[in-house]
Amino acid sequence: MSLTIEAALKKDIETAIEACFQTTVEEFVLQPTKKEFEGTYTFVTFALTKALRRSPVQIGQTIGEYLAAHSQVVKGFNVVQGFLNLTIEDETWLDVLSAIHQDADYGTLPANGQSVMVEFSSPNTNKPLHLGHLRNNCLGDSVARILKANGYEVIKTCLVNDRGIHICKSMLAYQKLGNGETPASAGLKGDHLAGKYYVLFDKEYKKQIAQLVAEGMSEEEAAKKAPWILEAQDLLIQWEKGEPETVALWEQMNGWVYEGFQKTYDSMGISFDKTYYESDTYLLGKDIIEEGLKKGVFYKKEDNSVWIDLTEEGLDQKLVLRGNGTSVYITQDLGTTELKYSDFHNDRYMWVVGNEQDYHFNVLFAILKRLGRPYADECFHLSYGMVDLPSGKMKSREGTVVDADDLLGQMAQTAENRTRELGKIEDFASEEAQNLYHLLALGALKYFLLKVDPKKRMLFNPEESIDFQGHTGPFIQYTYARVRSILRKAEANALAAAIPAEGYEIHPAEQDVIFHLSQYPVRVMSAGQEFSPALISLYAYELAKFYNQFYAELSIFSDPDPVAVQFRVALSDSVAKTIRHAMGLLGIEVPERM
RNA sequence: GACCCCGUAGUUCAACGGAUAGAAUAGAAGUUUCCUAAACUUUAGAUAUGGGUUCGAUUCCCGUCGGGGUCACCA
């Protein structure tokens, strides 16, 4: 059997056009038939009317007749306006399912010899993770899995933002108000403890500003002169000098935070192949500035600051090194990118970073191109939209965030309540049940975050909990558990899966499932090209939906025809395998029972 | 102000320029002596606005209105 029915059809349509009209057509539209019409694939004829000088209906009729007579895969056709709807031979469907059923790793495409680095997560070490970070983590993790399924070798990296003024703010507040508190003594995860002091800093800082303003200072000046911000800046200078006490505090607090993050990553099933720390990389990039100056890509102003003029690219003039010789954000990023390249020599580089940094990445990539970096054309910013609350943007320092750990905990509780209500797993041991609740909570949460087009900003309303019914992760997990139940029963009754080569009349509900199964590799490919887990999410949902319809309509074990029983077991097995694979690409596990 | 992104059922999301704009949820009505009802079936409900291009526009182009973001010698 050819790779897809689609490929076979396209070839046959080309042949048909040549035979019927003695001409060739470069491109034509072949799409899945809308469900109100009979057929599987639809050939749209409108585009050909000019070239062939016939009416859309005539073209459809002529090609349809030719295909019905000559094509191996076409069983019949109907023409509605300019749409030629084609139905497919039962034997073709049997072939297709047979190929899928035999493929143990269906949906994983062959290696393409290319490697790609995906950088994501990149947390600040002064506060715990919130829902926005979860979207980033889920996206990065899923895109990495999708690229791997597309044949790439994938390196997942995380650049930890472990230095800078924001860290010093938490450190300062801890120095002033901490009284030697530790995660153990406070009963808090380390990242939450650091976050607590970040919030405390902000409170006091605001108070100090307000007081200065009351004394007659302007808001802007007060923000610069408040005692705590001056002290925090001093702390940063001490840190950069390597002052032992400051470094010790920094190491202690960061250690707490890493421990906390690790727990969250572990519980989400997210890992990295390589972690970079900004404290190691923040001085990088200066040699690139030198190089760029020599090449004439950059220029120096009187105050010694270094700039690049990107007006030709539609961007502005951009500072790349301060007058005092210290780095800015873009300097570091140039250096870090060079480091990544020298460490791994990947063919492509991806950054999963929010869309508020669109401009920054445009600048970064433009500079890399000007510098003639070999990887410059293979850099991509996967720019995703923010997760907003009904009240607006989440802000850690103001405490208006949906905390990642809290949310996961709540969802596990919801999963537990729902499961207990249904009472289907009363024989589970306590640990087994806990694992299931966690698996369902993650399924709901990850699916919720991944089903939306990454580019779009999304809204999360904490008042309304994330659903477990309908277009959700648990719906798909449930379908999987139900299929597994079927397969266990088949095994217990020694009913092996088998697909006849011919002579089996396929029911429309079965055909829908097979058709959808056949689309999977193409979906994996587009998801890889578009870096969009949403395409896989939607696919898994549709497949589950079709299977559920099939399940409701046809009985598997009570069919009098043993061929049908074996065929449906094979169909179920293929669905289970494909759902598991697709959910795997989303980083979501599926349960045997729920 | 300049630049970028976005406006689709009450709500959350879909729709390579293609047929009567799909789902889910909330609402109404059904389905369980039978393989897991976290399911299935039926029903009602939307393209912000004005032009243009096209056989055909939610999709492309221009304007208006509305929302978000960026324009730091912060990261």
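Each chain gets a letter, A, B and so on, in the order its sequence line appears, and its residues count up from 1.
Using a 4.0 Å heavy-atom distance criterion, Glu592(A) is classed as a base contact. Among the atoms of the strands shown, base atoms are found under 4.0 Å from some heavy atom of Ser305(A). Looking at heavy-atom distances under 4.0 Å, Leu440(A) makes contact with a base. Residue Asp453(A) is in sugar-phosphate contact alone, with no base atom involved, counting any heavy-atom pair closer than 4.0 Å across all strands shown. Contacts of Tyr359(A) with the nucleic acid, taken as non-hydrogen atoms under 4.0 Å apart, involve only primed sugar atoms and P, OP1 or OP2. Among the protein residues, Leu538(A) comes within range of the sugar-phosphate backbone only, with heavy atoms under 4.0 Å from sugar or phosphate atoms but none that close to a base. Among the heavy atoms of the strands lying under 4.0 Å from Gln357(A) is at least one base atom, whether or not backbone atoms are also near. In this structure, Glu278(A) reaches the sugar-phosphate backbone alone: every heavy-atom distance under 4.0 Å involves primed, P, OP1 or OP2 atoms, never a base. Across all strands, Thr419(A) comes closer than 4.0 Å to base atoms (heavy-atom distances). Using a 4.0 Å heavy-atom criterion, one finds that Met594(A) contacts the bases of the nucleic acid, with or without backbone contacts as well. Using a 4.0 Å heavy-atom cutoff across all strands shown, Lys424(A) reaches at least one base atom of the nucleic acid.
Under the Watson-Crick or G-U wobble criterion, with both distances below 3.5 Å, rA57(B) has no partner in any strand shown. Both distances falling under 3.5 Å, in either a Watson-Crick or a G-U wobble arrangement, place rU25(B) opposite rG10(B).
The aromatic rings of Trp351(A) and Phe361(A) sit tilted, their planes meeting at an angle between 30° and 60°. By the 30° and 60° cut-offs, the orientation of the rings of Phe46(A) relative to Phe83(A) is perpendicular.
Just one of Tyr447(A), Phe546(A), Tyr547(A), Phe475(A) meets the ring pair (Phe, Tyr, Trp, His ring centres under 6.0 Å) condition when paired with Tyr541(A); it is Phe475(A).
Comparing rC60(B) with rG17(B), their P atoms are spaced 8 Å from each other, to the whole Å. Comparing the same atom, C1', in rA38(B) and in rU54(B) gives a spacing of 47 Å after rounding to whole Å.
Heavy-atom neighbours of Lys455(A) NZ from other residues, nucleotides or ligands within 6.0 Å: at or below the threshold of 12.
Considering only side-chain N and O atoms, Gln549(A) lies under 4.0 angstrom from the phosphate OP1 or OP2 of rU41(B). At rU36(B), none of the side-chain N or O atoms of Arg488(A) fall inside 4.0 Å of OP1 or OP2 (strictly under the cut-off).
Residue order along RNA chain B, read from the 5' end via each residue's closest nucleotide, puts Leu436(A) first among Leu436(A) and Met386(A). When the nearest nucleotides of RNA chain B are assigned to Ile165(A) and Leu554(A) by heavy-atom distance, the more 5′-ward of the two goes with Leu554(A).
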**Fill in**
Each nucleotide of nucleotides 18-27 of chain B classed B (base within 4.0 Å of a protein heavy atom), S (only sugar-phosphate) or -, in 5' to 3' order, makes BB---SSS--

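Atom CG of Asn124(A) is separated from atom P of rA75(B) by 12 Å (rounded to the nearest Å). Rounded to whole Å, atom P of rU12(B) lies 10 Å from atom CZ of Arg457(A).
Remark: Lys301(A) does not engage Asp303(A) in a salt bridge, criterion side-chain N to carboxylate O under 4.0 Å.
Side-chain atoms of Asn362(A) and base atoms of rC4(B) include no donor and acceptor less than 3.5 Å apart.
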